[in-house]
Amino acid sequence: MSRAAGDTAQARRLLTEAEGLIGQLREEWQRFSTTEDLALAWARIEVGRAEFLIASPLGRGPFDEYLIKDVVGVIAETDPERAELLSRRVPDTETDAIVAVADGLLTVATDRAERVARSVPTRCEDWEFALSEFVVRIAEVDRFAAERIASCLPADVRNEALVPVVTAHASVDPAHAEDLARTISDDDEALVGALAAVAAGYADSRPMEARRTLEEARQLAHRLSDSGFARVTGLIAVGAAAARIDPATAAEILREAEPLARAIEARWKSSRMKALEDLAAAWALVDAAQAERIVRSTPEIDGWRRTDLLLAIAEEAARRHGLPLRPAPKD
């Protein structure tokens, strides 16, 4: 027996032994963590056993989407066709699990990921929101695939899903991004976000178009309701886009957004915190001191979130001034 064969046989023996001990673990998180580790290990030496664990109730239950995504990603590295076929083994009632197969394929075989995602409407009920969230993720990898999948969504869900697609197009082809943004109907909040992205996309190459779409987005943002989060979200998006076009206008818009963000009711704590985090991130594009003030004056932003935001502000300030954040060590 070769050394490699011997090592594989030992791995199989140890994995089988460990699998038999899962039932003795008392805590659910222990069972799930162990099942995940075992499934990932099996995926490298015996795919069929990994597929069995995906369908087994040993962890948090059969067809757990987080487990599926990770295992599919491993299988896809060597056998993307088999990884794709795994979606057919998932029951039609498990929408999130089917989408998880697409997620696992995303960075390895985007065409297969798209195919799995586009099969969801023909197989599942209540699939719209799971697929719209997938559009956000695939837009970062393949903007045209994201556009095609978004076109499958019902109008009321499609509008919001188009914003990240428009954003992805805007950095490469802002004219196409604008055409796509204009298909958003009966959803001014989504349209504001899309037009703001288009304006930022035009900033470097077509300044007149950038100002035109920025002003349109700004006027539309002012017409959004101020009773919830729509107006403040829209103004922050427009302010962030304006940073690349007219910093003075950006500062004006962000100053207008701050009292709206701070006025969000305490019962919506997470939404208030997100608005203020987004506001700080937008200010970082214009004025690092204002961004830092937002973070330090907001008690809800604490711990690791505060650390991350302050670091991001420092990095953006260094970038704007052409300075490295961490100078290379001297020889």
Side-chain angles (χ1 to χ4, degrees), residues 1-120 122-127 129-131 133-134 136-138 140-142 145 149 304:
M1 179 184 294
S2 69
R3 173 71 179 274
D7 289 346
T8 301
Q10 182 185 29
R12 292 174 187 274
R13 176 172 57 78
L14 293 174
L15 289 173
T16 301
E17 181 180 348
E19 193 176 317
L21 298 174
I22 293 176
Q24 299 179 25
L25 299 174
R26 294 183 178 181
E27 301 293 335
E28 180 186 279
W29 69 268
Q30 293 174 321
R31 293 193 297 274
F32 174 75
S33 179
T34 303
T35 301
E36 181 176 35
D37 291 342
L38 285 168
L40 291 171
W42 277 120
R44 291 178 170 86
I45 61 173
E46 188 177 320
V47 172
R49 196 62 192 170
E51 293 172 340
F52 168 79
L53 287 175
I54 284 174
S56 80
L58 293 175
R60 281 198 293 240
F63 304 108
D64 180 89
E65 60 264 32
Y66 300 104
L67 176 58
I68 285 177
K69 176 185 174 182
D70 292 343
V71 171
V72 167
V74 172
I75 297 172
E77 291 173 3
T78 55
D79 193 345
E81 182 178 3
R82 183 157 185 174
E84 180 183 356
L85 288 174
L86 187 57
S87 68
R88 304 306 307 179
R89 294 172 176 261
V90 179
D92 292 350
T93 54
E94 303 290 343
T95 306
D96 289 340
I98 298 171
V99 174
V101 175
D103 273 312
L105 289 161
L106 197 51
T107 58
V108 180
T110 308
D111 57 333
R112 295 180 184 276
E114 179 183 358
R115 191 155 51 230
V116 172
R118 294 184 66 159
S119 74
V120 169
T122 65
R123 298 179 56 187
C124 308
E125 297 181 0
D126 299 324
W127 52 270
F129 291 104
L131 205 57
E133 291 173 355
F134 179 72
V136 176
R137 298 187 291 274
I138 196 171
E140 298 176 357
V141 179
D142 186 330
I149 295 172
W304 66 270

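The model shown is predicted, which means the values in this text are computed figures rather than measured ones.
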What pairs with Glu140 under salt bridge (Lys or Arg N to Asp or Glu O under 4.0 Å), at least two apart in sequence or on another chain?
none
Where do Leu67 and Glu36 come nearest, in terms of heavy atoms and distance?
CD1-CA, 3.5 Å
If you compare all heavy atoms of Ile98 against all heavy atoms of Pro91, which two are closest, and at what distance to 0.1 Å?
CD1-O, 3.8 Å
With Gln30, which residues qualify under side-chain contact (heavy atoms from CB on, under 4.5 Å), at least two apart?
Leu25, Glu27
Would you give me the side-chain donor-acceptor pairs under 3.5 Å for residues 37-44, sequence neighbours excluded?
residue : atom : partner : partner atom : Å
Trp42   : NE1  : Glu19   : OE1          : 3.2
Arg44   : NH1  : Leu40   : O            : 3.1

Do Val71 and Leu53 have side-chain heavy atoms sitting under 4.5 Å apart?
no
Any salt bridge (Lys or Arg N to Asp or Glu O under 4.0 Å) involving residues 86-100? Give me the pairs, sequence neighbours left out, ordered by first then second residue.
Glu51-Arg89, Asp92-Arg123
Can you see which heavy atom on Ala117 is nearest to which on Phe134, and at what distance?
CB-CE2, 3.5 Å
Criterion side-chain contact (heavy atoms from CB on, under 4.5 Å) on Leu86 and Ile54, from CA distance to verdict:
CA-CA 10 Å; Leu86 187 57; Ile54 284 174; 3.7 Å; yes
Would you list the atom pairs, donor with acceptor, under 3.5 Å between side chains in residues 101-112 and any protein atom, with sequence neighbours excluded?
residue : atom : partner : partner atom : Å
Asp103  : OD1  : Arg137  : NE           : 2.8
Asp103  : OD2  : Arg137  : NE           : 3.3
Asp103  : OD2  : Arg137  : NH2          : 2.9
Thr110  : OG1  : Leu106  : O            : 2.9
Arg112  : NH1  : Glu84   : OE1          : 2.6

Test your reading of the model: is there a side-chain donor-acceptor pair from Ser33 to the backbone of Trp29, 3.5 Å cut-off?
no
Which atom of Cys124 lies closest to which atom of Thr95, heavy atoms considered
CB-OG1, 3.3 Å
Which atom of Ala76 lies closest to which atom of Pro80, heavy atoms considered
O-CD, 3.4 Å
Quick one: are Ile45 and Leu15 in side-chain contact, heavy atoms under 4.5 Å?
yes
Taking side chain as C-beta onward, heavy atoms only, is Val99 less than 4.5 Å from Trp127?
no
Once side-chain hydrogen bond (donor to acceptor under 3.5 Å, both in side chains) is applied, do any residues pair with Glu133, and if so which ones, sequence neighbours excluded?
none
